[in-house]
A.B. asks: 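Quick one: this structure, given as structure tokens, is what I'll be asking you about.
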Amino acid sequence: MISAERAKEIADLYYGDVYHLCLSRLISEDDADEVTQEVFLFFQENCDGLDDKYIKAWLYAVANNKIKEQFRIIAKREKELIFGQVSGADTSAEILYEIEEENKISAEEIEQKKKDILSSLSEAELKLFEMVYVKHMEYKELAAAFNISEHAVAARVFRLRMKIKERVSFVFMAVLLLFMRF
């Protein structure tokens with residue numbers, strides 16, 4: 001572990017650069033603050049013997065790894081937002097069972113909601129929906145399929161999810177995503 005003075009010196013030099021990297025990737029200032037702090041705490045605990053000429057590159061590499069961890073946390077939060085937190089349920093089947101028991105959703109209502117959602121989507125949106133939620137394709141694969149950047153794919157998926165959320169309650173969204181069949 002390095003001294004507090006040395007850690008402060010490094011933070012004074014590179015904190016802004018690392019923060020801007022995090023902010024450019026995470027967008028949220030709170031997430032960028034959190035990740036940047038984690039990077040410098042990790043640096044202070046793990047950088048003994050690191051040559052000064054490699055410090056910035058090392059900090060950027062750690063920041064990229066921490067950003068990926070943050071994306072996983074964000075994805076988990078989004079999944080919980082869509083599916084809800086169901087106490088004690090570990091599998092999709094258990095989650096569906098608890099949702100159905102709590103809300104008494106009939107099979108006819110589910111089918112009608114699926115039809116309503118599908119009919120409200122354009123052909124391009126329907127294709128994207130199928131690729132993301134049925135085939136579970138990665139953003140990289142989607143980018144290649146649509147010949148666009150991964151960032152553009154993420155934006156399209158976000159807009160699609162918002163459009164669907166506007167039309168259905170979270171419960172029906174969860175059921176739809178778990179059991180959609182074409």
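Only heavy atoms go into these numbers, but all of them, side chains included; no hydrogens, no water, no symmetry mates.
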A.B. asks: Evaluate the side-chain proximity of Trp58 to Phe43: yes if any heavy-atom separation is below 4.5 Å, no if none is.
C.D. replies: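 The answer is yes, as the side chains (C-beta and beyond) meet within the 4.5 Å cut-off.
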A.B. asks: Whether the side chain of Glu69 engages the backbone of Lys66 through a donor-acceptor N/O pair (distance < 3.5 Å, no angle test) should be reported.
C.D. replies: no
A.B. asks: Where is the tightest heavy-atom contact between Thr36 and Tyr19, given as atom of each residue plus distance?
C.D. replies: OG1-CA, 3.3 Å
A.B. asks: Nearest 0.5 Å please: distance from the CD1 atom of Ile55 over to the CD atom of Glu9.
C.D. replies: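 Atom-to-atom, Ile55:CD1 and Glu9:CD are 8.0 Å apart.
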A.B. asks: Which heavy atom in Tyr15 sits nearest to a heavy atom in Asp33, and how many Å separate them?
C.D. replies: OH-O, 4.3 Å
A.B. asks: Using the rule that two of Ile, Leu, Val, Met, Phe, Trp, Tyr join whenever any of their side-chain heavy atoms come within less than 4.5 Å, decide whether Ile148 and Val157 are in one cluster.
C.D. replies: yes
A.B. asks: Can you confirm whether Met137 sits close enough to Val132 that some side-chain heavy atom of one is under 4.5 Å from a side-chain heavy atom of the other?
C.D. replies: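 Sidechains of Val132 and Met137: no contact.
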A.B. asks: At their closest point, which heavy atom of Cys22 faces which heavy atom of Ile67, and how far apart are they?
C.D. replies: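 The answer is CA-CD1, 3.8 Å.
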A.B. asks: Nearest 0.5 angstrom please: Leu121 CG to Lys163 NZ, how far?
C.D. replies: 5.5 Å
A.B. asks: When you check the gap from the basic side-chain N to the acidic O, do Glu130 and Lys127 get nearer than 4.0 Å?
C.D. replies: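 No, this pair does not count.
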A.B. asks: Is it the case that over 12 heavy atoms from other parts of the model lie below 6.0 angstrom from the CG atom of Asp51?
C.D. replies: yes
A.B. asks: Please report the shortest heavy-atom distance between Tyr139 and Ala154, naming the atom on each side.
C.D. replies: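 Looking at all heavy atoms of both residues, the closest pair is CE2-CB, 3.5 Å.
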A.B. asks: Looking at every non-hydrogen atom in both residues, tell me the closest pair between Val39 and Ala63 and how far apart they are.
C.D. replies: CG2-CA, 3.5 Å
A.B. asks: Would Tyr54 and Val62 show up in the same hydrophobic cluster when neighbours are defined by side-chain heavy atoms closer than 4.5 Å?
C.D. replies: yes
A.B. asks: How far does CZ of Phe42 sit from CG of Asn65, to the nearest 0.5 angstrom?
C.D. replies: 8.5 Å
A.B. asks: Nearest 0.5 angstrom please: Ile10 CD1 to Cys47 SG, how far?
C.D. replies: 7.5 Å
A.B. asks: Which atom pair, heavy atoms only, marks the closest approach of Met131 to Ala145?
C.D. replies: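 Taking every non-hydrogen atom into account, CE-CB, 3.6 Å.
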A.B. asks: Are the charged groups of Asp31 and Arg25 less than 4.0 angstrom apart, N to O?
C.D. replies: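 Here Asp31 does not pair with Arg25 in a salt bridge, since their nearest N and O are not under 4.0 Å apart.
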A.B. asks: A quick test of your reading: do over 12 heavy atoms of other residues, nucleotides or ligands sit less than 6.0 Å from CD of Glu138?
C.D. replies: no
A.B. asks: Measuring from atom CG of Leu126 to atom CD of Glu123, what distance do you get when rounded to the nearest 0.5 angstrom?
C.D. replies: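 Rounded to the nearest 0.5 Å, the CG-CD separation comes to 8.0 Å.
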A.B. asks: Quick one: does Leu59's side chain get under 4.5 Å of Asp17's, heavy atoms only?
C.D. replies: no
A.B. asks: What distance separates Leu26 CG from Glu29 CD, expressed to the nearest 0.5 Å?
C.D. replies: 11.5 Å
